[in-house]
Amino acid sequence: MDSPEDVRVDKVSLDSFPIEVFLMICDYVDANTLIQSLMFVNKQFYGIIGDNYLWKRRALRKYNGSDVAFMLTDSYNENTFNWKQFVWHTELEEDCWSNYETNTTNTVFRGPHFSEVDAVILTKDRGDLCLSASRDRSICLWNTLDTVTNPVVHKSDSHTGWIWDLETYDENNFLSCSWDSSVKLWNLSNFSQDSEPLLTFAADTAVLSITSKNNFIAAGLYTPKVIAFDPREHEKRLFELNAHTRSIIDLCLVEDNYLVSLSEDKTLSICDLRTHSTLKSLHLTQRGSKFPMCASYYDNVLFIGDSRDYMHWMDCSNGMFDMLKTMKLLRPHGNDSQRRYKLNSIKCTNYGSIITGGNEGAIYIITPTCPPRIIAKIIDCGSEITSIDYQNNTLVVGYVNSDVQVWKKK
């Protein structure tokens, strides 16, 4: 069978009409059809649809007048930016979530957890398995392809204290942390009710947040401290950081070189992992009582949600870590005008959308623009949202009422 590049179409040729006409036709065809189908009709189509100009033109027309997060960074170059991926992602996300009732399947898992689910994650590079962890000290492994309400594994007493966070370590292993002052490394392939952790890392006090990469695990503590381990020598600590004055709420890795910690002391701290030193510390605001709650990194932008319903963009390119934008994310109406909304979770995994959830009990899927535009507002379980993960066309959400909910694109 011929490859797409070798396909010939005898009756259709761009020589018969101007390129401008073909570009106008492309404007009325969705990006997915252009990239997945029309691009491979013949070499002429392949060359034009693959050209960066077509997609740059399309993107700038769509977001004319709005600031787009990825275009504000110091590393942004309009001539080398991947406009095709940008437009493709934005259109796919908007097409799906603007009509999510039709375009996704929805499953609610309930029963095994009897207390607040504080962490949910999808297994790395897959969307068919997710993990949830609860204050009932159990971890559940779910098959997101199934619509039954029973977990594949329900491991009770995974810790002796509330389980506060989960993190995928690699394709075969994941991490959990708890108020029992420990971080545990588990094997995913043989995870069962009788499983024992591969490794246990001891902390000084309750562990509230974790993040990891190859041969590196960082834990944020209930005290103003971040500790780091190497699984190859798990009884030793790589280093300790004391850049805060209160507990560490969340941690986020930026590429391989930087670790960002978010604290109740209203500050963010950036550690250079090459020198184990603090590169920068800063307040979200000099006034008010809001503090950072959650962070997600994608393509040189760190998206931060805070305790007062604001979203912040930070430019991470070239080690700058400068604030780009601060914006009010949601505006309550009517009798709720005095309510203090907070963002417990924020997730950006592609150019197309940012997903947030908090004490309002609503999932917001918004554009990465200022001002942000709401693609979808989802209120299903009616409970405070604690944690969100999204990858491979699968969205998983954890709730205070102990439910776990999954949406999968059809």
Side-chain angles (χ1 to χ4, degrees), residues 107-124 126-144 149-170 172-201 203 205-212 217-222 247-252 293-294 344-345 347 357-358 381 383-391 394-406:
T107 305
V108 179
F109 298 121
R110 58 169 58 101
H113 292 304
F114 60 82
S115 187
E116 179 173 329
V117 173
D118 281 309
V120 291
I121 55 169
L122 289 156
T123 54
K124 185 164 285 189
R126 298 170 64 182
D128 57 341
L129 293 175
C130 75
L131 292 148
S132 59
S134 170
R135 297 190 186 189
D136 64 16
R137 302 175 299 173
S138 72
I139 297 173
C140 282
L141 174 66
W142 307 88
N143 181 357
T144 65
T149 57
N150 295 316
V152 177
V153 176
H154 175 219
K155 180 168 175 53
S156 58
D157 298 326
S158 300
H159 286 264
T160 59
W162 293 352
I163 305 175
W164 212 248
D165 201 5
L166 293 170
E167 169 78 2
T168 52
Y169 180 69
D170 55 29
N172 300 312
N173 301 285
F174 71 92
L175 296 155
S176 62
C177 70
S178 168
W179 281 78
D180 64 10
S181 305
S182 73
V183 176
K184 294 184 178 183
L185 178 67
W186 306 88
N187 183 266
L188 183 64
S189 59
N190 62 8
F191 187 63
S192 69
Q193 173 57 40
D194 300 320
S195 294
E196 294 295 329
L198 299 176
L199 296 172
T200 299
F201 308 90
T205 186
V207 186
L208 305 186
S209 54
I210 44 175
T211 191
S212 68
I217 298 169
L221 306 186
Y222 184 62
S247 58
I248 312 302
I249 300 175
D250 197 14
L251 295 172
C252 185
M293 293 288 298
C294 50
N344 292 328
S345 188
K347 195 72 177 179
C381 281
S383 177
E384 180 172 346
I385 294 165
T386 60
S387 181
I388 288 173
D389 198 10
Y390 180 53
Q391 58 177 303
T394 303
L395 170 65
V396 59
V397 178
Y399 294 92
V400 164
N401 68 359
S402 79
D403 288 348
V404 175
Q405 192 165 15
V406 175

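- N401 and D403 get closest at one heavy-atom pair: OD1-N, 3.1 Å.
- Within the model, atoms CD1 of I388 and CG of N344 stand 9.0 Å from one another, a figure rounded to the nearest 0.5 Å.
- By the 4.5 Å heavy-atom criterion applied to side chains, P197 and L185 are not counted as neighbours.
- Looking at V404 and C140, their side chains never come closer than 4.5 Å, going by heavy atoms from C-beta outward.
- The shortest distance between side-chain heavy atoms of F109 and P151 does not fall below 4.5 Å.
- Between L188 and L131 the shortest side-chain heavy-atom distance falls below 4.5 Å.
- Closest approach of V183 and C177 over heavy atoms only: CG2-CB, 4.0 Å.
- Rounded to the nearest 0.5 angstrom, L221 CG and T205 OG1 are separated by 7.0 Å.
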Quiz item: Where do D136 and S138 land on the side-chain hydrogen bond (donor to acceptor under 3.5 Å, both in side chains) test, with the steps shown first?
Solution: CA-CA 6 Å; D136 64 16; S138 72; 2.6 Å; yes

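- Results of the side chain to side chain contact (heavy atoms under 4.5 Å, CB included) test with I163 over D118, V207, I139 single out I139 as the only residue that passes.
- Contact check for I210 versus W164: no side-chain heavy atoms found under the 4.5 Å cut-off.
- Proximity of T107 to T144: side-chain heavy atoms (C-beta onward) are nowhere separated by under 4.5 Å.
- Side chains of S212 and L175 form a contact here, defined as non-hydrogen atoms less than 4.5 Å apart.
- The closest donor-acceptor contact from the side chain of T386 to the backbone of V400 lies at 3.5 Å or more, if one exists at all.
- With sequence neighbours excluded, the residues satisfying ring pair (Phe, Tyr, Trp, His ring centres under 6.0 Å) with F191 are F174, W186.
- Rounding to the nearest 0.5 Å gives a distance of 11.5 Å between NZ of K184 and OG of S195.
- Under the 30°/60° scheme for interplanar angles, the aromatic rings of H113 and H154 are found to stand perpendicular.
- Rounded to the nearest 0.5 Å, atoms CG (N187) and CG (L199) are 11.0 Å apart.
- With sequence neighbours excluded, the residues that form a side chain to side chain contact (heavy atoms under 4.5 Å, CB included) with R137 are D157.
- To the nearest 0.5 Å, atoms CG (D165) and CD1 (I249) are separated by 12.5 Å.
- One N or O on the side chain of S134 and one on the backbone of S115 form a donor-acceptor pair closer than 3.5 Å.
- Listed here is the closest heavy atom pair of V152 and W142: CG2-C, 4.1 Å.
- The structure places CZ of R135 at 8.5 Å from CH2 of W179, a figure rounded to the nearest 0.5 Å.
- Checked against side chain to side chain contact (heavy atoms under 4.5 Å, CB included), D389 has the following partners two or more places apart in sequence or in another chain: I121, L122, K347, Q391, V396.
- Shown here are the salt bridge (Lys or Arg N to Asp or Glu O under 4.0 Å) partners of D250, two or more places apart in sequence or in another chain: there are none.
- Here Y399 pairs with nothing under the ring pair (Phe, Tyr, Trp, His ring centres under 6.0 Å) rule; sequence neighbours left out.
- Under a 3.5 Å cut-off, the side chain of Q193 and the backbone N or O of V153 do not form any donor-acceptor pair.
- A search for side chain to side chain contact (heavy atoms under 4.5 Å, CB included) contacts involving S178 returns H159, D180, not counting sequence neighbours.
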Quiz item: Step by step, would you call S402 with F114 a side chain to side chain contact (heavy atoms under 4.5 Å, CB included)?
Solution: CA-CA 6 Å; S402 79; F114 60 82; 5.9 Å; no

